[in-house]
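Below is one structure; the comments refer to it alone.
Quick note on labels: first sequence line is chain A, next is B, and so on, each numbered from 1.
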Protein chains: 2
Amino acid sequence: MKLQTPRRTQAERTRASREKITQAAIEFFAQQGFRGAKMADIAKAANLTEPGLLHHFPSKTRLLMEVLKERDRIDTERMRATLQKNGNHFLEACIELVEHNETVPGLVQLFTLLVAEGISQDHPAHAFFTQRYQREREHMAQVIRQAQEANEVRSDIPAETLVVLIFAMMDGLQVQWLLEPEKINMSRVFRVLMDILKVEGG
Amino acid sequence: MKLQTPRRTQAERTRASREKITQAAIEFFAQQGFRGAKMADIAKAANLTEPGLLHHFPSKTRLLMEVLKERDRIDTERMRATLQKNGNHFLEACIELVEHNETVPGLVQLFTLLVAEGISQDHPAHAFFTQRYQREREHMAQVIRQAQEANEVRSDIPAETLVVLIFAMMDGLQVQWLLEPEKINMSRVFRVLMDILKVEGG
DNA sequence: GTCTATACCCTGATAGAC
DNA sequence: GTCTATCAGGGTATAGAC
């Protein structure tokens, strides 16, 4: 009887290659942005040559978009899970998200730099980020409304305003934190805002 | 007697050229970032060829830094003037600054994109932005302390925390506003935060 | 102060062998 | 699936004429 070798199948090797490319791409897009990152560097970091990389992702733009969509999928998944888990503690859930972000500076930098690049309408990720903010604002506004009805969040500010405010605080803190991680305690400052948004004496 | 011609002096022409280059540089650095902007485009927009531009600014990096320092000088000047003018109304002064920013989207985009690029330690503007935040946080913390003593701003949050919070809100709102200027009313949302930071019943 | 011409490097992508 | 070789194009900066 033929022993089953531990050798990986082709499909497994493909998956492993794509995974290494994705990791390397996150690193370089985060550091240099889409325009500054070089395919050769990403390939090298994934132990490949450039044509080797292009076999898996047929262009730089496609690589960017697939990395972005994959990370977005994982992150919004986590966000929704966290919000649901702490269903009756919306503000605590937000803090938990910020605290998690403190453990993945590379990913935070990826989104901070790429969304800034993406403001330009001719950037390949422009539509992606516009839609992402629209979608997440809508979703989170609903959650906030529930928290207001549950008397957890102050109701003198409309939910639509609170979403913009909370996302802005997250994004803005990330900039100062990424510039000086030792100096800025992101979650501590964020917690101050969350305290203010509690119902009085909550 | 020889009539004095209206012809501009050399010094005046130099100044005019540099001014046009600076304006064009702001535009392209804001849209494409430092890494994405092309010297040829900037030169063309200033009605020059590339060597013509390089006669005034000897390298792309030098051009970036001089544009940044010039704008920084003007902007912090304005910020300080506004803060002093409304000396006893710190929160109103902040709103006035945000309202002014709404009239200069190009400059806002310049700083939003370049600070994101500048997070990378190997970016030519990295030190510039780190120092800029340190300096402005220190200055504004002092102003906040005065506003707290004047019983205008709530004193249950340390001034050092409030600075980080306020700058973060400004930066974060700019991202959403630049992505969708029609949808996001930056100064209106910002005003909500300022209201919260007032002394109770102030 | 501005131009033409050009050197020189980098970059994304393709062709085709293994 | 990954490589070598290579192309076409674009990028900053310099040399030197006017």
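A sub-4.0 Å separation between OP1 or OP2 of D:dT12 and a side-chain N or O of B:Ser59 is absent. Between B:His56 and C:dT2, a side-chain N or O to OP1/OP2 separation shorter than 4.0 Å is present.
Whole-Å rounding puts the A:His55 NE2 to C:dC18 P distance at 18 Å. Here the C1' atom of nucleotide C:dT2 and the NZ atom of B:Lys20 are 12 Å apart, to the nearest Å. Per the geometry, CG belonging to A:Leu54 stands 12 Å off P belonging to D:dC3, to the nearest Å. Nucleotide D:dA13 holds its C1' atom 14 Å from the CG atom of B:Leu63, rounded to whole Å. Between A:Phe57 atom CZ and D:dT2 atom P there is a gap of 12 Å when expressed in whole angstrom units. Atom NZ of B:Lys60 and atom P of D:dA13 are 8 Å apart (whole Å).
Among pairs with a residue in residues 65-124 of chain B, those fulfilling ring-ring contact (aromatic ring centres under 6.0 Å, His included) read B:Phe34-B:His123, at least two apart in sequence or across chains.
Here the side chains of A:Ile42 and A:Leu63 are in contact, with some heavy-atom distance below 4.5 Å.
When each of B:Lys198, B:Arg145, B:Gln148 is tested with B:Val153 by the rule side-chain contact (heavy atoms from CB on, under 4.5 Å), just one qualifies, namely B:Gln148.
Looking at A:Glu70 and A:Arg73, a side-chain N of the basic residue comes within less than 4.0 Å of a carboxylate O on the acidic one, giving a salt bridge.
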**Asked** Can B:Asp75 and B:Arg80 be said to form a salt bridge (charged side-chain N to carboxylate O under 4.0 Å, His left out), step by step?
**Response** CA-CA 9 Å; B:Asp75 290 356; B:Arg80 271 149 221 244; over 6 Å; no

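Heavy-atom contacts from other residues, nucleotides or ligands closer than 6.0 Å to CD of A:Glu138 number 12 or fewer.
DNA chain D is contacted by A:Leu48, A:Thr49, A:Pro51 of residues 26-51 of chain A, taking any non-hydrogen atom closer than 4.0 Å.
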